[in-house]
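Presented below is the structure to which this report refers.
Every chain is numbered from 1, with letters handed out A, B, ... down the list of sequences.
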Amino acid sequence: MARSQQRKLFDEAKLPPEDEDAGLYAQVVFNRPLRESFTYAIPVDMVGKILAGKRVLAPFGRGNNRTTGFCVGVSEEPPTTQKLKSIAAVLDEAPLLTPSMLRLTKWIADYYACGWGQVLDAVLPHAVKQRSGTRWTVFLQPVPEEKRPEAKLTAKQQRAFESLIDLKRPATIKELAQSARCGADCIKALVTKGWATSERRRVHSRPPVLAPIVWDRPRALNPHQKAAVDAIGGAIRDGIAKTFLLHGVTGSGKTEVYLQSIAEVVKLGRETIVLVPEISLTPQTIERFRQRFDEVAVLHSHLSDVDRHWHWQRIARGEVQVVIGARSALFAPCPNLGLIVIDEEHETTFKQETTPRYQARDVAAQRSRLENVPLILGSATPSLESWLAARQRRIELLSLPERVENLPMPRVTTVDMRHEYRSGARALSGVLRRAVIETVDAKGQVILFLNRRGFSTTILCPSCGHVESCEHCEISLTFHKKLDRLLCHFCDAEFPVPSRCSSCGLPSIRYAGIGTERLEEEVTALFPNYRCARMDSDTMRSAPHYDKVLTAFRRGEIDILLGTQMIAKGLDFPNVHLVGVVTADTGRNIPDFRASERTFQLIAQVAGRTGRGQTPGRVLVQTFNPDDPAILAATKHDYHRFVNEEMPTRKEFGYPPFDSLMRVIVRAKDEEVARHASKILAARFRACLSEFPPGAVRVLGPAPAPVAKLRDHYRMHFQVHSRQPALRQKLLEMAIKDLQLPGDTEFTADVDPISMM
DNA sequence: AGCACGCCGACT
DNA sequence: GTCGGCGTGCTC
C-alpha cells in the first residue's frame, strides 16, 4: 500500500463514518466452490462506494491475482484474521443485488452445497455483468443561479446554457449541441467556465422496439376459477408467503387464474414473476400476458445481450409489471415483488443440471418466504412433491376439475403394439394410420409425438449383436440420415456411418429403433397428399423457423405436425382432433424411480393438445405395455389413481417425496480410479453416520452410474436418503471436510436430483 | 476452480 | 545445473 494512502487511512479513521454503509471492511465471495467469504480492507477513496451487492476486484490467492468477487457485506469491526488485503477496485456504480437477493443466493449456496460466489455469478445474466449495449455518457446540469461564477459566456454558449435550463433535466453534450446549433467545444466550455457540472453515467444506446398489442379483456370465471382467484387475491393483498397448488386438467383455465391474480398484484403497484418451461415460452403464451398488462418483460434464451440487459434494468427500476421467462427468470431483480407463478410446476426443466443445481420450485418457495409474497404452482399433473405437501396441508390445494366451456376430455385409447408388430416394423399401427386418414379427410389436424430425434436409434449387427456406441460415452449412437452421420446425443460427437460392423466386420448392419426423422419419412410415404412438418431440435435450430412452422400449423397449412417434446407441451390449436403417441415406452426402461411419473405426465400432457375446440379430441397411445399402471391411469385422465398407485412405492423404498435425496457422482478418466474413489467417498459418508440417530440417514451404493461413461470419464454414484434435508446437509458437510481424493477424480453432489443418469 | 509451489525425472 | 511434468494445498 502506498504511504500516502496509509496516511489518509489514518486521518480518516479519526472522523466518524458519514453513513451506515461506510464500513471499513468488506466481505467478499468469489466464483469458486468455496464455503467461506473473505474479508478485505476498503481503501479510503472507496469507503461508501463499496456496498453489499456490488462486484469488486480484489487480489486473491498466493499470486494476488486480481479476481472479480461479490461484496456481500461491509462492516466496521476489524477482522480477527492476520492476513488482510485491500480491495483493488469497485466494478459497479449501483448494487446488482438487493439485500433480499443476497439472502436468497446464500440460502441456495447452503442448501445445494456450493459456493455463494458461484450462485451469485450464475444468477446474474452475462449481459448484465458486461453491461451490454450501454456506454459511458457525460451529462450536464446547470449550476444553480446563486452559485454561478463571474466568467462571462459567449452568445453561443449563452444559447446552449439556456437550452440546458429549458430541458429541466440532465442533458448530453450531443443533444445540447444540436438544440443550440453549436459545436461540442462550446458545450464543454460551460463546464470549464463553471456554469454547468458534468457527471458520467452509463446509459443504453438504443432501447428495443416492441410490437404493438391487441388488447384483451378478462374472461368470465367459472366458480372453481373464482374461488381460486379469491383465495390467491387474499394472500396477495395480505402479503403472506403462502404456496398454492393450482391443480387443473389441461384446458381448465389455469392461465386465466394467473392473469386475474396478477391483475391484483398490478393494482398494488407490485411485480409478478411467471416461470414457464422454456418450450412453453411460445409467442402464443407471451401474447396472452402482453394483451392484459402494459409492461411485460419476456426473458427468452434467444434474446440478444443488449435486449436482455435493457429488460433487466427496467425490471430493477420497477418499470415492469410482469416478468415471464424460464427457470432463471426467478432471479429477476423485481424491487417490489408481489407474486410468483410457476406454470407446469412438475416439469423437470425447473431443475438446473449445472452448478448451482437448484430446483426453481423450491427456490421460489424460499423467495416467497423472504419477500412475503404468495407462490402459485400450477399443473394438470402435479409433481408428487407438491401433491404430498398439499395433502399434508403445508401448501393449499386449489382444484379446477372442469374444462372451460365444459369441453369434454379427449378419448384416450391404447394400441397394443405386441399384436401390431407382426404386420411389419412400421412406426404407425394400422389403427393410427386409419385415424390419421379419417381426421385429415374431415379437415382436422394431427399431432404425432415421438420422443426421440434422428432416424434410427440403434445401429446393431445382426450376427454378433454389437451395438455401435460413442467412443467417449457408453451410449448407443443415433443414425441421422440427412447428415449421413452417427451422432452421440450425450456429447454431440459425430461419427461416419460404418459400412461393416466395427466389432466382427460383417457388412450386414441393421438400423433399428424409430426416431422423428424416420417417422417423417414414413408419414410422407404413407400420406403423400397430406402436408406434414417435423419439429425437433434438428429442424428447429432457429427461433424464427419455429414460429414459422407454428404459424403455418395454426393457419391450417399443415395437416400433420410431428415431433419431440417440443410439440408436447403448451401448444393450443383448436383444430387438432387427433394426437398419436408413437411410443409411450421410451423411458420406461431407464433405471429411474420417477419413470412412471414421467410416463404418466407425458401422456397426460400430450393428450391435452387435442379437444381444445368444439370437436371432441381423440388420442391413440401406441405401447408394448398396455397394462402399465401409469399408462392406464393416463388414458383415464385419472391423476388420483396414478398418485394412489405410485405413492406407496415411493414410501416403501424411501424415495421422494417422502425422503429427501442427494446423489453424489464421482468421475475419473480411469475406470478403476473412479471405482476406488467412489468407495472411499461413500465409506467416509458411512463413517459419519454414527453421529446421527440410527436410520435417520442412509447411504446407498456406490454403483456405476446408468451412464457409466460420459465424455471420456467413467462415472460412479451413490445416494444419500433422509427424511430431514438438514441431516443430509450436515452429513455432507462432515464427510467432505478435509477430504482428499486422488488428484484425477472429481465429485459433484446433486441435492434433490431429477435425473439419475 | 485456479494457481503457485514444490518435488521429481530428462535434458543442455 | 534447470526446465517442466503434474500432485497438493490454499485462497482474507
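Atom C1' of nucleotide dT11(C) and atom CD of Gln118(A) are separated by 14 Å, given to the nearest angstrom. In this structure, the CG atom of Leu34(A) is 13 Å from the P atom of dC3(B), given to the nearest Å. Separating the NZ atom of Lys669(A) from the C1' atom of dC6(C) is a distance of 14 Å, rounded to the nearest angstrom. Across the protein-nucleic acid pair, Asp744(A) atom CG and dT8(C) atom C1' stand 13 Å apart, rounded to whole Å. Distance, Phe30(A) CZ to dC12(C) P: 7 Å, rounded to whole Å. If you take CZ of Arg32(A) and C1' of dA1(B), they are 6 Å apart, rounded to a whole angstrom. Residue Leu120(A) contributes atom CG, which lies 17 Å from atom P of dA1(B) at whole-angstrom precision. Atom CZ in Arg667(A) sits about 12 Å away from atom C1' in dA1(B), given to the nearest Å.
Only one option out of Leu91(A), Val123(A), Leu124(A) pairs with Leu96(A) in a side chain to side chain contact (heavy atoms under 4.5 Å, CB included); it is Leu124(A). Screening Arg202(A), Lys49(A), Arg55(A), Lys54(A) against Asp92(A) for a salt bridge (charged side-chain N to carboxylate O under 4.0 Å, His left out) leaves a single residue, Arg55(A).
Relative to the side chain of Lys83(A), the nucleotides dT11(C), dA1(B), dC12(C) differ in distance, and dT11(C) lies closest.
No side-chain N or O of His717(A) forms a donor-acceptor pair with one of Gln719(A) less than 3.5 Å apart. No hydrogens or angles considered: nothing links the side chains of Gln118(A) and Thr355(A) as a donor-acceptor pair under 3.5 Å. Inspection of the Gln366(A) and Arg369(A) side chains reveals an N or O donor paired with an N or O acceptor under 3.5 Å.
Only Pro59(A), Phe60(A), Gly61(A), Arg62(A), listed by number, bring a heavy atom of residues 53-68 of chain A to less than 4.0 angstrom from any atom of DNA chain C. Across residues 677-684 of chain A, not one residue has a non-hydrogen atom less than 4.0 Å from an atom of DNA chain B.
Taking the six-membered ring where the residue is Trp, His204(A) and His309(A) present tilted rings, their angle falling between 30° and 60°.
More than 12 heavy atoms of other residues, nucleotides or ligands lie within 6.0 Å of NE2 in His472(A), so this atom counts as buried by the packing criterion. Within 6.0 Å of the CZ atom in Arg684(A), the count of heavy atoms belonging to other residues, nucleotides or ligands exceeds 12.
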(request) Could you go through the side chain to side chain contact (heavy atoms under 4.5 Å, CB included) check for His346(A) and Ser386(A) one step at a time? (result) CA-CA 8 Å; His346(A) 62 276; Ser386(A) 298; over 6 Å; no

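Judged by a 6.0 Å distance limit and a 45° cone about the ring axis, Arg723(A) is not positioned over the six-membered ring of Tyr655(A).
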Under 3.5 Å between N/O atoms: give me all the protein pairs with nucleotides 3-5 of chain C, atom names plus distance.
none

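With rounding to the nearest 0.5 angstrom, the CD1 atom of Ile342(A) is 5.5 Å from the CG atom of Leu375(A).
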